[in-house]
2 protein chains.
Amino acid sequence: MNSTILDIAKLAGVSTATVSRVLNNYPFVKEQTRNKVLEAIEALNYYPDLVARSMVKGRTYNIGLIVGTLGNPFFAETSEVIIKTAEMYKCHVTLCVSEENETKLSEYVDLLCNKRVDGLIIGSIFKGVTIPRLKSSNIPYVLYNRKNVFEDADYVIQDNFQAAYEAVNHLVRLGHRKIAILHGPQVFDSVAERLEGYYKALQDAKLKTYDHFHQEVHFEKVDADLESSMNRMMEDKNRPTAIFATADFLALAAIEYLMNKGYRIPEDVAIVGFDNLRLSGHSMIGLTTVGQRAEDMARLAVERLMQKIEQTVTGNSSEEDSWKIRLKPELIIRRSCGAHLKDMIFNP
Amino acid sequence: MNSTILDIAKLAGVSTATVSRVLNNYPFVKEQTRNKVLEAIEALNYYPDLVARSMVKGRTYNIGLIVGTLGNPFFAETSEVIIKTAEMYKCHVTLCVSEENETKLSEYVDLLCNKRVDGLIIGSIFKGVTIPRLKSSNIPYVLYNRKNVFEDADYVIQDNFQAAYEAVNHLVRLGHRKIAILHGPQVFDSVAERLEGYYKALQDAKLKTYDHFHQEVHFEKVDADLESSMNRMMEDKNRPTAIFATADFLALAAIEYLMNKGYRIPEDVAIVGFDNLRLSGHSMIGLTTVGQRAEDMARLAVERLMQKIEQTVTGNSSEEDSWKIRLKPELIIRRSCGAHLKDMIFNP
DNA sequence: AGATAAGTTGTAAACGATTTCAAACTATAG
DNA sequence: CTATAGTTTGAAATCGTTTACAACTTATCT
């Protein structure tokens with residue numbers, strides 16, 4: 001169907017080697033032959049078969065990207081940045097959604113390796129999990145957003161601990177003494193670190209916490225889980241006056257729950273989230289939150305991956321350089337924490 | 001580095017043909033040899049090279065997906081559904097973001113074809129544009145969300161005209177006489193159709209429209225554009241009492257603008273959007289909007305594409321079946337249109 | 001002119017699988 | 001015991017490129 005390099009060669013009256021040379025802009029091709037070949041290419045409407053090229057070159061110019069779900073705006077946004085950045089290196093990306101499922105993740109890695117992707121970027125990984133193929137094959141890969149598969153993996157993440165600490169501390173400084181936390185699954189090290197930040201902030205402020213003050217929500221059944229979590233948290237006589245949610249979408253859901261129950265935000269309950277989703281900044285919402293440097297994370301991950309791929313291909317993987325980056329996020333103060341109520345601020 | 005089928009063959013003491021046979025579960029391989037081969041595979045930690053396989057099979061089990069931007073939740077969500085659906089057909093997807101740029105779109109199609117993807121799903125296409133490679137190569141492809149590249153392309157879209165008609169008509173029935181429209185670029189046929197629906201609804205209700213009642217916002221510079229568009233619309237003495245936005249994110253931005261200017265929603269200005277983004281349903285927002293059947297669209301697009309690929313591969317492209325699907329969206333009534341204000345409804 | 005270098009091309013071997021074809025082996029029936 | 005059909009295997013071609021190597025031309029220098 002498609003014409004091949006051989007067709008071109010025949011039509012132009014040269015060898016396939018020569019065609020390949022003009023295709024790849026080698027020097028030392030006589031202008032005259034180059035033109036003959038170019039004409040043949042034009043005439044036969046030829047396009048190179050990148051699959052064949054990949055096979056002999058040993059590079060596909062494809063990288064694999066595994067994220068939890070594109071329903072999470074963080075992943076959607078970073079995926080786009082990754083795609084665009086990869087493009088600067090002439091790479092395409094094959095996108096997989098793991099649904100945060102360990103088995104699927106492992107299968108994707110296998111499949112992508114079999115497809116001979118040049119490298120892997122993984123945004124969806126779990127605390128203690130090791131992925132066999134990632135160890136056995138020596139494909140370059142970079143983690144982002146989460147770390148902790150095994151010791152020596154390169155990654156770029158947020159400083160989750162610090163960010164959570166500051167977020168909670170902000171609530172403390174606004175006078176809150178009863179601060180609860182609504183968090184995602186602890187198998188994500190990011191969540192675990194945010195929890196630690198929360199506890200440290202409480203401890204430094206000498207505040208007590210209670211069992212019903214920290215509630216875990218499972219991502220698979222957010223709606224049901226959230227309802228019961230919030231019930232446990234708010235139906236106790238000893239109610240929190242502020243809630244730190246480890247993700248904006250949890251914060252938004254909490255707000256929804258609270259408003260439906262007749263609580264005012266932030267007067268009755270102050271809320272701080274984490275992520276800074278686009279909608280969180282909307283004036284009808286005004287969620288105080290931790291702004292992730294999502295774009296930086298995505299871009300850095302790709303740049304590092306490309307560097308590793310380059311090393312692999314040139315065999316210069318000499319240096320034992322590990323690469324672990326921890327970005328400093330920023331607290332974005334809006335309405336939901338009550339900081340705009342002047343009389344409250346700095347008046348503990 | 002990686003072991004090949006030849007290594008397996010040697011170790012197992014058979015030919016590569018036999019190895020291939022057990023790899024592909026052919027019948028007629030003696031149990032004993034099968035086991036020898038399996039052992040060798042195990043021993044050498046062998047994984048098939050899918051690139052090589054693609055070359056001889058003439059199928060990559062890869063499809064290309066081109067969307068405008070993952071920043072648009074509609075594309076993020078549909079991309080995920082497409083990825084998951086494709087997976088059921090054992091296909092991976094290479095995702096490209098065109099940024100709604102015609103040239104890029106064309107280049108992506110070229111590149112993806114060169115990569116020998118089995119098919120293409122395109123969500124980002126323009127009204128009059130033709131993409132040369134789509135015509136010249138006979139790669140199967142399906143459009144979704146927008147149509148209208150050239151006459152005979154398969155597509156699945158919303159019934160944008162009807163949906164817009166109903167949305168505007170809803171405002172009419174709520175008693176509004178001055179209904180404006182805030183819309184995206186008309187190069188998208190979806191937008192153009194929504195405009196037509198708007199005009200038809202006004203016409204049927206014998207309502208007048210004014211120049212400053214319809215404002216176009218360009219996606220590249222939404223913020224600046226929106227500000228000036230809304231200024232033109234609202235600073236006229238003859239102000240609309242209701243606005244139909246052809247996209248939720250425009251509606252949300254409009255709400256933000258209006259609230260900052262001190263208007264109350266929906267008492268001063270009623271708003272209806274289009275998309276039903278997740279956040280539009282949030283109780284702090286309550287945007288009345290048109291619910292797209294995004295998931296259906298995505299799933300159907302993949303299913304059709306796979307069908308076409310199957311036809312291509314078996315050569316059964318006999319029937320002249322064109323496939324054009326128009327899904328019926330649904331109006332989702334929430335607070336922003338004012339329908340909950342009982343005294344207004346059905347009392348024009 | 002002859003040596004040397006530089007430019008230009010073609011032959012053939014990869015890359016790692018699948019697949020056609022024929023050959024060899026085994027079992028069954030007459 | 002032989003014909004026949006059904007199993008089981010391997011040799012070699014194939015997919016569409018790139019590339020190492022050798023060979024042949026042409027230009028340059030002494």
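Note that this is a predicted model, so its numbers are computed, not measured. Every chain is numbered from 1 and lettered A, B, ... according to where its sequence line falls, protein lines coming before strand lines.
A side chain to side chain donor-acceptor pair (under 3.5 Å) with Asp154(A) holds for exactly one of Arg304(A), Lys147(A), Lys324(A); it is Arg304(A).
The residue Val14(B) sits close only to the backbone: its heavy atoms come under 4.0 Å of sugar-phosphate atoms, none of a base. When heavy atoms are screened at a 4.0 angstrom cut-off, Ser54(B) is found touching no nucleic acid atom at all.
You'll find that the side chain of Ile5(B) is closest to dA17(C), out of dT18(D), dC15(C), dA17(C). Side chain of Thr4(A), nearest nucleotide from dA12(D), dG16(D), dG10(C): dG16(D). Checked against dT19(D), dT17(D), dG16(C), the side chain of Val56(A) finds its nearest nucleotide in dT17(D). Looking at the side chain of Thr33(A), the nearest of the listed nucleotides dG10(C), dA17(C), dT9(C) is dT9(C). The side chain of Arg53(A) has dT17(D) as its nearest neighbour among dA12(D), dT17(D), dG16(D).
Ring centers of Phe126(A) and Phe188(A): under 6.0 Å apart, within the cut-off.
Between the CZ atom of Arg116(B) and the C1' atom of dT17(D) there is a distance of 11 Å, given to the nearest Å. Put simply, CD1 on Ile8(B) is 14 Å from P on dG10(D), counting in whole angstrom units. In this structure, Arg34(B) places its CZ atom 10 Å from P of dT8(D), rounding to the nearest Å. One atom, NZ of Lys115(A), and another, P of dA17(C), lie 15 Å apart when rounded to the nearest Å. Summarising the geometry, the separation between CZ on Arg59(A) and P on dG16(C) is reported as 17 Å, rounded to the nearest angstrom. Atom P of nucleotide dT18(C) and atom NZ of Lys57(B) are separated by 7 Å, given to the nearest angstrom.
Non-hydrogen atoms lying under 4.0 Å from DNA chain C are contributed by Thr18(A), Arg21(A), Phe28(A), Val29(A), Lys30(A), all within residues 18-31 of chain A.
Taking only side-chain nitrogens and oxygens, Ser15(B) comes nearer than 4.0 Å to OP1 or OP2 of dG10(D).
Of the N and O atoms on the side chains of Glu87(B) and Tyr108(A), at least one donor lies less than 3.5 Å from an acceptor on the other residue.
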